[in-house]
Number of protein chains: 2
Amino acid sequence: MASITAKALDTLEATFAASGREEKVAIIGAGNWGSAAAMIIGRNCAKLDIFDDNVTVWCLEEKVDGGNLTDVINSTHVNVKYLPDHKLPENVRAEPDLVKSVAGATLLVFVLPHQFLARTCKTLKGHLAENVKAISLIKGIDFDDSGPQLMTNVIKRELGIEACALSGANIANEIAAGKFCESTIGYESKETGALFFALFNEPNFRISLVQGVAAPQVFGAIKNIVALGAGFCDALEMGNNTKAALMRIGLIEMYRFATQYFQGVDTATMVESCGMADLITTCMGGRNRRVAEAYARSRLEKGDDHRTWEDLEAEMLNGQKLQGTGAAKEVFQILTRDNLLDKFPFLVTLYRIAFEGKPIEDVVHIPEEHFLPSSLTSKAAATVASA
Amino acid sequence: MASITAKALDTLEATFAASGREEKVAIIGAGNWGSAAAMIIGRNCAKLDIFDDNVTVWCLEEKVDGGNLTDVINSTHVNVKYLPDHKLPENVRAEPDLVKSVAGATLLVFVLPHQFLARTCKTLKGHLAENVKAISLIKGIDFDDSGPQLMTNVIKRELGIEACALSGANIANEIAAGKFCESTIGYESKETGALFFALFNEPNFRISLVQGVAAPQVFGAIKNIVALGAGFCDALEMGNNTKAALMRIGLIEMYRFATQYFQGVDTATMVESCGMADLITTCMGGRNRRVAEAYARSRLEKGDDHRTWEDLEAEMLNGQKLQGTGAAKEVFQILTRDNLLDKFPFLVTLYRIAFEGKPIEDVVHIPEEHFLPSSLTSKAAATVASA
């Protein structure tokens, strides 16, 4: 059986060769995740004819050991500040000037903290080539008065360009170390999806494509709320079956949330890396799960004298922030505004445990509403309802 | 928001009340799982008007402390041999005579070791009431010369009656202890599905219904092969992201296998308790994962002098059997016969590692074929292929 991927890449290459066109890549952000992405992108651009060999990565300038970080990167090929243990490919060049970094670029890879995205786009406006396409590697989503906001929509709004989204069960250091993992790219047009597939797919970083950009981004945010439930479950020592049930119930509500607020969410996205797999990882080992377990143990042991989220975040996370608690608040607010609390009993329960003193044990008191009326189980609901 | 479930049960009760008909339940098997099921069934039959209060459980007679097990159960309401720490409801009566146990029964719950199913059905033949319906709680499937065999098909073949299947992320002792867990019932006709929903659903044992009986049974068997991969991954200390990726890839091949050999498998079954959740549990804590990790560590440390599967099974499982190794062999044989090895590269890799000396590290060498041609990702495949 021939490899469909390899065949597809051949076709893609032939098409581009005939047109004489090459895609040129600029990576916007050179932190830990941006640097790991630059390793993959650099290798694929060197290897595949459809891409210009030279990759530029915009790097916010800072001083390291008396020199400029970009100079260090460009002379040693190591991002000594954010990915010190790995070499970047030599065709990747760091550029401190944001506008210069995108000169001639046709593919933009946004990989920077979400709070900087809008202003970064504003700076880029008017400096982009024709037909530029983007992909967002930014974790999570924002919430504003109008509801949940996708990073891809910020890019579209500010720059008027098409934007894909990449999300999955992977972390930068493991990707850089070549550990096998997967990721999901959500796309709007299939041609753009195929291009970014070619840019990211490697034997140890396997990409699956899904139609639609919302689910990968929404799942990446809501999973951190579900991880609170996993932590509560661990504190109660309820065992793997109960925990697996809560993860599953969480995934269903993640999907429901995505379909509630966005169009065109493909059911199959739930079993992609950005869905089930990322959720599993987050509920087994992540910081949100870990702090939630500590929070629940403190409440179970000390009652009203328990540690607060802020205490535990400060003690346990070494300057990092919890994402699940913030997301739980944002989601609760938006569901309250939209009169949808009944439709998301598990997410609401997690919020009420985390912030309204609801007993930890209530993590498994999930109303029957959860189980039947979803679009997924609508056939079953109809069955029982009409029986 | 009213509970659809409660409403449905009201409707079901009203329908039955109007007809004056009651369903009478017989449970075939009084082992650990059968006894835990009897606790739920007994409570629901006492509570819901659509069921006759009296539940019979067929119990293979044996001697305990000089008395008959059935006598002990019927006097103490405790199955001292197989579920000693919990009381059965008083409306559950043990019956040592198989044919007598089904007298007047309209719902049969099969919960006995799979190798006894066919002969048990043969004994029952000709002794059943009209319009009897069955559900199988039996774990796994069989393989014979014609391919994978569903327990529900054995029941249909031998008795000519409709059979549902129940499977999920749960184990008997945790269910008996009232720990929160879920299960999935696959049905052929919705009326029968609704009946068994009513028979099993409880606040701490949540049932979801899916159309089709094959997937829950197939998933329950193939998950044990995937658990070998989880064990190999643990031995290699590859971390949660890699392990989550392998679980996801395993779920896709479980689904592919079910659709390859059976009709009418609903994609959504993957995210039911019998799919994703049961797989997570099995890959986190089960015996197949545990022994596979020990096997892989032995090979990594000792090379050709490594412990065999038989050694480890004897040492580690205290008389229990591995299910994943046997299932891996059966699946490999059937895929070889049907010329389908290319379509299941992960399951085939697991077999080759387990039985053909393929390096443990190859657990993550999954060919690109895996990722694209499945029915799930066919849109993505078409995208890339046509790009």
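The chains referred to below are lettered A, B, ... by the order of the sequence lines, with proteins before strands, and numbering in each begins at 1.
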- Message: For chain B, which candidate among A:Leu251, A:Thr281, A:Ile185, A:Asp278 shows the most heavy-atom pairs at distances under 4.5 Å?
- Response: A:Thr281
- Note on the structure: So CG of A:Asn224 and CG of A:Asn288: to nearest 0.5 Å the spacing works out to 4.5 Å
- Task: Output yes when a side-chain donor or acceptor of A:Asn44 lies under 3.5 Å from a complementary backbone atom of A:Leu199, and no otherwise.
- Result: yes
- Message: Does any backbone or side-chain atom of A:Leu279 lie under 4.5 Å from a heavy atom of chain B? Answer side chain, backbone, both or neither.
- Response: side chain
- Most contacts with chain A, counted as non-hydrogen pairs under 4.5 angstrom, among B:Ile171, B:Asn204, B:Leu246: B:Ile171
- Could you go step by step and tell me if A:Leu350 and A:Phe232 meet the side-chain contact (heavy atoms from CB on, under 4.5 Å) rule? CA-CA 9 Å; A:Leu350 294 175; A:Phe232 299 158; 4.0 Å; yes
- Task: Pick one of side chain, backbone, both or neither for B:Met238, based on which atoms fall under 4.5 Å of a heavy atom in chain A.
- Result: backbone
- Item | Options B:Ala277, B:Gly168, B:Gly286, ranked by heavy-atom pairs under 4.5 Å with chain A, top entry | B:Ala277
- Kindly compute the distance separating CZ (A:Phe196) from CG (A:Leu107), expressed to the nearest 0.5 Å. 4.5 Å
- Message: Quiz question: by atom type and distance under 3.5 Å, do the side chains of B:Asn241 and A:Asn170 form a donor-acceptor pair?
- Response: no
